[in-house]
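Here is the structure we will look at.
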Amino acid sequence: MKIASYNVNGINGRIDILLQWLEESQPDVVCLQELKAPDQKFPIKAIEAAGYGAVWHGQKSWNGVAILARGEEPLLTRKGLPGDPDDVQSRYIEALVDGILIGNVYLPNGNPSPGPKFDYKLAWLSRLQDYAAELIELDVPVVIAGDYNIIPTELDVYKPERWADDALFRAEVRDAFRKLLAQGWTDAIRRLHADERIYTFWDYIRNAYGRNAGLRLDHFLLSPGLADDLSRAEVDTHVRGWAHTSDHAPVWIELLDDLKKGAE
DNA sequence: ATGTCAAACTGAGTTTGA
């Protein structure tokens with residue numbers, strides 16, 4: 001099963017890019033972030049025409065997350081991260097697809113830090129830690145994919161010293177990511193590519209993509225039972241080079257399914 | 001600060017967030 005994550009940075013402005021990439025990549029499941037569209041403007045017709053069912057959690061102007069499944073309807077299990085009923089930002093959606101629970105996160109950026117936006121990011125991370133601890137106890141395989149807006153280590157940024165005080169790289173945020181891993185989650189990209197420079201985001205400005213001045217912000221966390229099923233973890237870097245593209249590239253993993261494992 | 005996007009509010013140009 002091929003599971004992808006893609007921060008599209010505007011689902012309607014980017015629909016042609018999304019469809020082109022879907023056609024080329026043929027993922028089974030897709031987690032989308034930054035829809036930047038209210039629920040009623042989610043382009044479900046175009047996505048269905050491409051062969052995907054979808055569930056989505058939109059919001060006017062900002063944020064917004066969706067889960068797509070090829071040839072089927074994802075079974076929605078949750079909209080919104082638990083832990084704060086007053087949080088109105090659409091940053092979490094979850095669905096069951098082929099027996100795998102898919103959590104899709106779009107973490108707050110958190111800049112400028114310090115400040116209320118950074119406080120919100122830390123609070124969101126705290127809630128994510130609590131909820132991830134619950135998920136890992138479930139008797140089902142779980143993937144938490146998405147745009148974490150976290151640079152986990154110095155290997156994940158082209159010039160660490162320039163980012164020391166940024167909300168994407170602050171010690172508190174990296175520590176929160178480490179604590180998630182300490183719960184038993186596996187960072188899929190790093191499991192298969194321990195020492196490689198791998199980026200998933202390049203800023204639009206300063207020719208960041210041309211200079212490969214990137215960041216690794218989009219991650220897949222695998223529950224313990226899934227870690228050994230991981231066969232590939234890649235970034236579709238070339239998509240970032242397309243015209244009118246998102247500032248993120250799609251990232252994907254391949255999990256061996258039980259049928260394949262049984263046949264081996 | 002620079003620089004680049006998309007969406008919203010409006011009526012093409014600015015504001016906002018990233």
Side-chain angles (χ1 to χ4, degrees), chain A residues 5-21 31-44 46-47 56-66 81 87-93 104-125 128 145-152 156-159 161-170 172-174 176-177 199-219 235-251:
Chain A
S5 177
Y6 189 15
N7 178 324
V8 288
N9 191 6
I11 183 86
N12 288 306
R14 224 69 80 176
I15 188 66
D16 291 341
I17 295 279
L18 175 64
L19 294 175
Q20 186 175 344
W21 168 72
C31 296
L32 297 175
Q33 304 88 32
E34 274 204 90
L35 303 180
K36 293 185 171 176
D39 281 340
Q40 63 272 20
K41 288 196 179 172
F42 184 81
I44 184 59
I47 284 168
W56 61 95
H57 185 29
Q59 181 182 331
K60 187 176 168 184
S61 303
W62 313 119
N63 310 315
V65 283
L81 189 70
D87 184 1
V88 295
Q89 301 191 22
S90 298
R91 296 182 175 278
Y92 187 79
I93 191 168
N104 178 14
V105 295
Y106 174 52
L107 263 80
N109 176 294
N111 278 304
S113 76
K117 291 189 173 180
F118 190 63
D119 294 342
Y120 174 62
K121 181 176 196 173
L122 293 182
W124 213 94
L125 274 164
L128 181 60
D147 178 1
Y148 282 71
N149 267 318
I150 296 175
I151 301 164
D156 301 309
V157 48
Y158 65 100
K159 193 175 274 196
E161 60 275 18
R162 284 271 178 90
W163 291 81
D165 293 324
D166 193 280
L168 307 183
F169 197 49
R170 285 274 301 266
E172 301 95 315
V173 167
R174 283 189 277 160
F177 192 78
Y199 301 137
T200 66
F201 166 92
W202 297 260
D203 206 318
Y204 287 120
I205 59 181
R206 301 186 210 88
N207 187 33
Y209 182 66
R211 297 184 296 124
N212 196 27
L215 312 173
R216 190 171 75 98
L217 303 179
D218 303 271
H219 310 300
V235 182
D236 284 338
T237 308
H238 66 283
V239 174
R240 180 60 183 81
W242 291 354
H244 313 298
T245 198
S246 170
D247 43 4
H248 293 250
V251 188

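Computed from a predicted structure; not experimentally measured. Each chain gets a letter, A, B and so on, in the order its sequence line appears, and its residues count up from 1. Values reported hereafter were calculated over all heavy atoms of this structure, with side chains retained and with hydrogens, waters and symmetry mates removed.
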Which whole-number value in Å describes the distance from [X] [atom1] to [N] [atom2]?
X	N	atom1	atom2	answer
A:Trp163	B:dA18	CH2	P	14 Å
A:Lys36	B:dT15	NZ	C1'	13 Å
A:Asn12	B:dA7	CG	P	6 Å
A:Tyr204	B:dG17	OH	C1'	13 Å
A:Phe42	B:dA6	CZ	C1'	17 Å
A:Asp147	B:dA18	CG	C1'	10 Å
A:Asp203	B:dG17	CG	P	17 Å
A:Arg14	B:dA6	CZ	C1'	7 Å

Parallel, tilted or perpendicular, judged at 30° and 60°: which one describes the rings of A:His219 and A:Tyr148?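 Tilted.
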Would you call the rings of A:Trp56 and A:Phe42 parallel, tilted or perpendicular, taking 30° and 60° as the class edges?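 Parallel, since the angle between the ring planes stays under 30°.
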Check if the side chain of A:Arg206 and the base of B:dT4 share a donor-acceptor pair of N or O atoms closer than 3.5 Å.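 Looking at the base of B:dT4, it does not pair with any donor or acceptor on the side chain of A:Arg206 (distance under 3.5 Å).
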Student check: side-chain heavy atoms of A:Trp202 and A:Asp247 closer than 4.5 Å: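 When only atoms from C-beta onward are counted, A:Asp247 and A:Trp202 do not touch, as no gap falls below 4.5 Å.
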When you match A:Trp62 and A:Ala37 each to their closest nucleotide on DNA chain B, which lands nearer the 5' end?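 Checking each residue's closest nucleotide, the 5'-ward one belongs to A:Ala37.
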Starting at the 5' end of DNA chain B and moving along, which residue's nearest nucleotide shows up first, A:Gly10 or A:Asn63?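 In this pair, the answer is A:Gly10.
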Set out, in order, the CA-CA distance, both residues' side-chain angles and the distance that settles side chain to side chain donor-acceptor pair (under 3.5 Å) for A:Lys36 and A:Asn9, then state yes or no. CA-CA 7 Å; A:Lys36 293 185 171 176; A:Asn9 191 6; 2.7 Å; yes
Do the side-chain N and O atoms of A:Arg14 and A:Ser246 include a donor-acceptor pair separated by under 3.5 angstrom?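 Result is no, nothing qualifies.
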Can you identify which nucleotide, out of B:dA18, B:dT4, B:dA7, has its nearest atom closest to the A:Ile205 side chain?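 The closest nucleotide is B:dT4.
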Nucleotide nearest A:Asn109 when distance is taken to its side chain, options B:dG3, B:dA18, B:dA8: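 Within the option list, the nearest is B:dA18.
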Please determine if a side-chain N or O atom of A:Lys60 lies less than 4.0 Å away from the OP1 or OP2 oxygen of B:dC9.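 Yes.
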For nucleotides B:dT15 and B:dG11, find the distance between their C1' atoms and express it as a whole number of Å.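 Nearest-Å result for B:dT15 against B:dG11 at atom C1': 15 Å.
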Using the P atoms only, state how far B:dG13 lies from B:dA1, rounded to an integer number of Å.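 It works out to 26 Å between them.
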